[in-house]
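Starting from 1, each residue takes its place in the sequence as its number. Predicted, not measured: the structure shown is a model, and the values here were computed from it.
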Amino acid sequence: MSEPAPIAVSMGEPAGIGPDLILQLYANRAELALPPFIVFGSMAFLAARARRLGLSINFAQTGVDQAAGQFPVALPVAHVEGLVPDKPGDTSPLSGKVVIEAISRAVAETLAGKCRAIVTAPIHKAALYTAGFRYPGHTEFLAALCGNGGPTPRAVMMLAHENFRVVPLTIHVPLRDVPGLITGRLIRDTAQIVEHDLRTRFGIDEPRIAVTGLNPHAGESGAIGTEENDIIVPAVLDLQNSGMRIDGPFSADTAFHRPNWERYDAVISMYHDQALIPIKTVAFEDAVNVTLGLPIVRTSPDHGTAFDLAGTGNGSWNSMLSAMRLADRLTA
C-alpha cells in the first residue's frame, strides 16, 4: 500500500522565524499529532538551525513519495541546492534563489497531486528582489505558479480562526487608492470565489456571507459617501438574485460585534485593515492565512518573518501549527 501524500512546507526566509517554527513543530510531532509533511529547502541550513535551537532532529533527504514513511523517524527534506547562511535576522542575497526554488517545487508537487496541500513559511520580499523575484507578494507568486504558463487564477486572501473568517477585498494598496479599486465586478468575483471554496473546501453546504461598507456607518444612505449606494449595494443585489446567501453592506464598526459575524461563514471587507484588525485582535497568534481560488490548498501563518525572534526558540508556533492543521483538515 502506498504512503499517504504528505503536506508540502516551504521553509521561507532563512533569516526569519519560519524555519524555527517548522523544526520546533517537527520535534513535537508526536505530542501534537501532526500529519506527515516534507520541507522544501536547504537541508544543511535546516540542520544548522536545529543545532542552534538545541533540537535533536534526524533529517532525511528524500522524495515526496517516501516522506510519509520517513516522517516518524526523520524530518523529510526535499533538498534545494544553494548556499544558505544560518544568520538569524541577517538576510543574504545568497538565499533568495533557494527560497524561490523551494516554493516553486512545493507548488509543482502539490499541483501534481504528490503533496496534498502547501503550507508556506513567511518570506521577506525585499530579500528576494535581489534574486529576481518580481511579484507584489507571496500569494501572487503562488497564483502565477498555479497558472503554469496559462491563465493565472484569481487568488483571494482569507484570514481564518475557527469559524471567524474575513476576506479583504483590496489588500496591500495605499488607503487613498481603495475607493477607486472597488468595483461591482471585483465584489462579485471575490464573493463567488469565497462562496465556492466555503462549499468545496470547508464543507459548508449553504454558506452565508456578509459584506461591509467602505465608509463610516456604511455611508449612512449617501450622507457619508456614495460608494455603498453606487457600487456595493448593486453588486450584493446581483449576487442575491443569483441565489447566493449574502447580505450587506453593513457598517464595519458593528459587523464585527460577535453576535453579528457569528451569523455568517465569512465577512468580506473593503480593505486590508478593516478585515485584519478584528481577527488579529481576537486571534493574533492563532489565525491562519488561507488562499482561496487556487487549484491547490495553501495555508500560511498569519505573521511575518519576526527577525528579532529568529534563532532564539522564543517565537510562538501557534499560527504555523494552526496552518498545518487547517491544511490537513481541508484535504483530509
Side-chain angles (χ1 to χ4, degrees), residues 117-120 137-139 142-143 153-172 182 186-214 218 232 235-236 239-240 244-303 318-332:
I118 177 171
V119 176
T120 58
H138 213 154
T139 299
L142 291 163
R154 185 166 129 57
V156 170
M157 174 182 172
M158 171 185 281
L159 275 294
H161 172 62
E162 298 177 351
N163 293 328
F164 189 15
R165 307 179 188 95
V166 298
V167 175
L169 189 71
T170 60
I171 308 177
H172 299 127
I182 296 172
L186 179 60
I187 294 169
R188 291 190 296 270
D189 288 351
T190 301
Q192 287 164 355
I193 290 170
V194 172
E195 197 265 354
H196 174 270
D197 279 23
L198 286 173
R199 284 189 291 103
T200 60
R201 300 242 195 252
F202 288 83
I204 301 170
D205 291 335
E206 295 185 347
R208 295 206 61 180
I209 299 171
V211 177
T212 66
L214 170 66
I232 303 174
V236 170
L239 292 165
Q240 289 175 339
M244 189 179 295
R245 301 178 73 192
I246 186 168
D247 298 318
F250 297 108
S251 177
D253 65 351
T254 57
F256 294 106
H257 180 45
R258 188 174 187 121
N260 292 337
W261 69 253
E262 281 187 331
R263 298 169 52 209
Y264 297 94
D265 300 296
V267 180
I268 298 176
S269 295
M270 294 298 108
Y271 55 92
H272 182 277
D273 286 9
Q274 194 183 59
L276 270 63
I277 287 173
I279 196 163
K280 288 196 173 186
T281 297
V282 300
F284 186 82
E285 291 187 346
D286 300 290
V288 177
N289 185 342
V290 190
T291 305
L292 311 182
L294 301 181
I296 59 174
V297 168
R298 180 264 182 144
T299 66
S300 68
D302 179 30
H303 57 68
N318 287 359
S319 187
M320 179 65 87
L321 174 60
S322 296
M324 287 192 181
R325 285 180 168 164
L326 183 57
D328 181 41
R329 181 166 71 84
L330 295 181
T331 58

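- From Ile268, atom CD1 reaches atom CE of Met270 across 7.0 Å, with rounding to the nearest 0.5 Å.
- Interatomic distance, CG of Leu326 versus CG of Leu330, reported as 4.0 Å (0.5 Å rounding).
- Side chains of Met244 and Gln192 form a contact here, defined as non-hydrogen atoms less than 4.5 Å apart.
- In this structure, the separation between CG on Leu292 and CZ on Arg154 is 10.0 Å, given to the nearest 0.5 Å.
- When every heavy atom of Pro153 is checked against every heavy atom of Leu294, the shortest pair comes out as CG-CD2, 3.9 Å.
- Using a 4.5 Å heavy-atom cutoff, the side chains of Leu186 and Thr190 are in contact.
- Shown here for Ala160 and Val290, the closest heavy-atom pair between the two residues is CB-CG2, 4.3 Å.
- Just one of Thr299, Ile279, Val119, Leu321 meets the side-chain contact (heavy atoms from CB on, under 4.5 Å) condition when paired with Val288; it is Thr299.
- Here the shortest heavy-atom pairing between Asn163 and Trp261 reads O-CZ3, 3.7 Å.
- When all heavy atoms of Asn318 and Glu285 are compared, the pair lying nearest together is CB-O, 2.9 Å.
- With values rounded to the nearest 0.5 angstrom, Asp205 atom CG is found 11.5 Å from Leu198 atom CG.
- Here CE of Met158 is found 11.5 Å from CZ of Arg201. Values are rounded to the nearest 0.5 Å.
- Nearest heavy-atom pair across Pro249 and Ala218 is O-CB, 3.9 Å.
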Start with the C-alpha distance between Ile204 and Arg165, add both sets of side-chain angles, then the distance that settles side chain to side chain contact (heavy atoms under 4.5 Å, CB included), and finish with yes or no. CA-CA 13 Å; Ile204 301 170; Arg165 307 179 188 95; 3.7 Å; yes
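- The two residues His161 and Ala287 come nearest to each other via the heavy atoms CB-CA, 4.3 Å.
- Of the residues Val166, Val282, Ile277, Thr281, the one that meets the side-chain contact (heavy atoms from CB on, under 4.5 Å) test with Phe256 is Val166.
- Screening residues 263-277 for side-chain hydrogen bond (donor to acceptor under 3.5 Å, both in side chains) gives Thr212-Gln274, Asp247-Tyr264 as the qualifying pairs, with residues at least two apart or on separate chains.
- Note on residues 322-332: pairs passing side-chain hydrogen bond (donor to acceptor under 3.5 Å, both in side chains), not counting sequence neighbours, are Arg116-Asp328, Arg116-Thr331.
- Panel note: side chain Asn289, backbone Met157; no donor-acceptor pair is recorded below 3.5 Å.
- Note on residues 292-303: pairs passing salt bridge (charged side-chain N to carboxylate O under 4.0 Å, His left out), not counting sequence neighbours, are Lys280-Asp302.
- Annotation: Asn260, atom CG; neighbour count of heavy atoms from other residues, nucleotides and ligands within 6.0 Å is above 12.
- Between Ile246 atom CD1 and Leu239 atom CG the span is 5.0 Å, to the nearest 0.5 Å.
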